[in-house]
Amino acid sequence: MKVIRFLLQFIPTIIVGIVILYLSLSHFTPSYTIPDIPNFDKIVHFTMYMGLVSVFCFDIYRSEWLSRYDGRILLWGWILAVLWGGLMELFQKYFTDYRTADWFDFLANTTGAFAGILIGVLIIRPFIKWAKNKWTKA
């Protein structure tokens, strides 16, 4: 029961992880033209993993009991995001014939996850502290 209660704290993060899984492994052709920007896919990878870890940080800081351990949890969150990104690249290589694995995609995932930690610590944590103080005083 404690495991379920723990996982319920991370529903938004789990949803973003599932969306990344779907987008990483699905075979779809967009009905619009993708901008002709060099390395556009790396920007997408960076943004997806930055979003994943930012949402993870939000989940941590909105919880009273998780935020007490934020340093260790953030490190593990980053490690798990990096592993998730690596796993997606391996899945693309070995379980699809329409996607390819790319070390630079993995690097974009990793740096995006790090940027998500920075956003979490520098923006999300102060905002949630401010909001909690504002709502408790009202």
Side-chain angles (χ1 to χ4, degrees):
M1 202 59 164
K2 288 183 180 183
V3 172
I4 292 172
R5 196 175 104 195
F6 178 78
L7 289 176
L8 287 175
Q9 299 290 317
F10 295 100
I11 293 293
T13 302
I14 292 168
I15 290 170
V16 173
I18 291 169
V19 168
I20 289 174
L21 173 69
Y22 173 76
L23 292 174
S24 296
L25 300 178
S26 66
H27 183 78
F28 64 92
T29 305
S31 59
Y32 53 87
T33 57
I34 297 175
D36 190 22
I37 299 171
N39 297 313
F40 182 73
D41 68 317
K42 307 307 181 257
I43 296 168
V44 171
H45 281 265
F46 179 90
T47 304
M48 286 193 309
Y49 283 83
M50 181 180 65
L52 174 66
V53 176
S54 295
V55 171
F56 176 75
C57 289
F58 173 78
D59 289 342
I60 289 171
Y61 290 125
R62 70 186 169 96
S63 167
E64 290 294 328
W65 60 279
L66 285 176
S67 61
R68 288 181 272 163
Y69 307 103
D70 66 338
R72 284 181 280 169
I73 292 174
L74 289 176
L75 177 62
W76 279 106
W78 181 79
I79 290 169
L80 289 174
V82 169
L83 291 174
W84 188 249
L87 191 63
M88 290 303 101
E89 293 302 316
L90 291 174
F91 280 3
Q92 288 176 353
K93 179 176 180 154
Y94 294 111
F95 297 116
T96 69
D97 55 358
Y98 45 86
R99 297 282 182 141
T100 58
D102 184 354
W103 281 107
F104 289 109
D105 287 348
F106 178 70
L107 180 62
N109 298 344
T110 302
T111 56
F114 182 74
I117 293 286
L118 293 177
I119 288 171
V121 170
L122 300 175
I123 297 170
I124 295 172
R125 179 173 59 179
F127 175 76
I128 288 181
K129 283 184 179 183
W130 171 82
K132 284 181 179 179
N133 286 336
K134 184 173 175 85
W135 291 333
T136 56
K137 290 179 183 177

**OP:** Could you check if a side-chain atom of Lys93 sits within less than 4.5 angstrom of a side-chain atom of Thr100, using non-hydrogen atoms only?
**Re:** no

**OP:** Measure the CZ-CZ distance between Phe46 and Phe114 for me, rounded to the nearest 0.5 Å.
**Re:** 10.0 Å

**OP:** Would you kindly confirm whether Ile124 and Leu75 end up in one hydrophobic cluster when ILVMFWY residues are joined by side chain heavy atoms under 4.5 Å apart?
**Re:** yes

**OP:** Report the residue from Thr111, Asn109, Asp105 that forms a side-chain contact (heavy atoms from CB on, under 4.5 Å) with Lys42.
**Re:** Asp105

Subject >> From Lys132 atom NZ to Phe127 atom CZ, the distance as rounded to the nearest 0.5 Å >> reply: 12.0 Å

Original post:
Short question: side chain of Tyr98, backbone of Ser26 - any donor-acceptor pair under 3.5 Å?
Top reply: no

**OP:** Return yes if some donor-acceptor pair links the side-chain N/O of Arg125 with the main-chain N/O of Cys57 below 3.5 Å, else return no.
**Re:** no

**OP:** Check Leu74 against Ile117 and note the closest heavy-atom contact, atom names and distance.
**Re:** O-CD1, 3.5 Å

**OP:** Would you give the length of the straight line joining atom OG of Ser54 to atom CD1 of Ile119, rounded to the nearest 0.5 angstrom?
**Re:** 4.0 Å

**OP:** Begin with the C-alpha distance, continue with both residues' side-chain angles, and end with the deciding distance and a verdict on side chain to side chain contact (heavy atoms under 4.5 Å, CB included) for Val55 and Phe10.
**Re:** CA-CA 9 Å; Val55 171; Phe10 295 100; over 6 Å; no

Original post:
Say you draw a straight line from NE2 of His45 to OG1 of Thr110; how long is it, rounded to the nearest 0.5 Å?
Top reply: 11.5 Å

Subject >> Over all atoms of both residues, closest heavy-atom pair of Leu52 and Gly17 >> reply: CD1-N, 3.8 Å

Original post:
Looking at Tyr61 and Ile128, what are the two nearest heavy atoms and their distance?
Top reply: O-CG2, 3.4 Å

**OP:** Kindly indicate, with the supporting measurements, whether the criterion side chain to side chain contact (heavy atoms under 4.5 Å, CB included) is fulfilled by Leu87 and Leu83.
**Re:** CA-CA 6 Å; Leu87 191 63; Leu83 291 174; over 6 Å; no

Subject >> Atom of Thr96, atom of Gln92 and distance for their closest heavy-atom approach >> reply: OG1-O, 2.5 Å

**OP:** Group every Ile, Leu, Val, Met, Phe, Trp and Tyr by side-chain heavy-atom contacts under 4.5 Å, then state whether Met50 and Leu107 land in the same group.
**Re:** no

Original post:
Same cluster for Ile73 and Leu118 if Ile/Leu/Val/Met/Phe/Trp/Tyr side chains link at under 4.5 Å?
Top reply: yes

**OP:** Grab the two heavy atoms, one from Val53 and one from Ala81, that are nearest each other, plus how far apart they are.
**Re:** CG2-CB, 3.6 Å

Original post:
Do you know the tightest heavy-atom contact between Val82 and Phe106?
Top reply: O-CE1, 3.4 Å

Original post:
How far does CE of Met88 sit from CD1 of Ile20, to the nearest 0.5 angstrom?
Top reply: 8.5 Å

**OP:** Look up atom CH2 in Trp130 and atom CH2 in Trp135, then write down how far apart they are to the nearest 0.5 Å.
**Re:** 7.5 Å

Original post:
Is Ile11 close to Ile15 at the side-chain level, that is, under 4.5 Å between some pair of heavy atoms?
Top reply: yes

